[in-house]
Amino acid sequence: MTTITLKTIIFLGSARNITPPWGGDSRLGDRVIKWVKSVMESRKESLGADTIAHDFRIIDPIEVFGPNGALSYSGGELSKPTFFMD
């Protein structure tokens, strides 16, 4: 029995970091990615005699577009949803 490791990249789709007028979490993406991480870390499936696992990396727009991030200079992020804009 061998273990096959799938290299996986997960793009976190939320850069929003502002509390909505009706309250709640300032960033829903944090809860989502916590759940995704737990699922990916515990997921091991069998395929015939082999076991399949994931080696994953999460790409977070707050880090990529943040200070010293790969795209910090671009200004391409949308951290405030359009319906919050004045």
Side-chain angles (χ1 to χ4, degrees):
M1 182 191 271
T2 60
T3 298
I4 299 170
T5 302
L6 300 177
K7 295 201 176 260
T8 308
I9 296 177
I10 300 168
F11 293 93
L12 179 58
S14 174
R16 181 177 66 97
N17 198 14
I18 185 171
T19 304
W22 53 86
D25 293 339
S26 63
R27 189 164 188 230
L28 179 61
D30 289 338
R31 286 191 318 187
V32 171
I33 206 62
K34 184 178 178 181
W35 178 81
V36 169
K37 276 179 160 179
S38 71
V39 168
M40 295 298 281
E41 288 169 346
S42 65
R43 185 167 190 219
K44 299 209 181 351
E45 299 291 331
S46 295
L47 179 62
D50 298 329
T51 300
I52 299 174
H54 292 273
D55 175 15
F56 64 95
R57 177 161 184 224
I58 297 168
I59 307 293
D60 185 346
I62 293 221
E63 293 173 14
V64 173
F65 291 107
N68 300 319
L71 298 173
S72 61
Y73 63 89
S74 72
E77 78 279 6
L78 179 61
S79 59
K80 186 175 180 183
T82 55
F83 57 87
F84 283 14
M85 294 182 176
D86 296 329

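In this chain, residues are counted from 1 in sequence order.
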Original post:
Nearest heavy-atom pair of Thr3 and Ala53: which atoms, and what distance?
Top reply: CG2-CB, 4.4 Å
**OP:** Report yes if some heavy atom in the side chain of Ile33 is under 4.5 Å from a heavy atom in the side chain of Ile10; otherwise report no.
**Re:** yes
Could you pull out every donor-acceptor pair under 3.5 Å between side chains of residues 38-51 and any protein atom, sequence neighbours left out?
from  : atom 1 : to    : atom 2 : distance (Å)
Ser38 : OG     : Trp35 : O      : 2.8
Ser42 : OG     : Ser38 : O      : 3.0
Ser42 : OG     : Val39 : O      : 3.3
Asp50 : OD1    : Thr2  : OG1    : 2.7

**OP:** Among Ile58, Asp60, Ile59, find the residue that satisfies the side-chain contact (heavy atoms from CB on, under 4.5 Å) test when tested with Phe11.
**Re:** Ile59
Subject >> Verify same cluster id: Phe56, Leu6 (apolar side-chain graph, 4.5 Å) >> reply: no
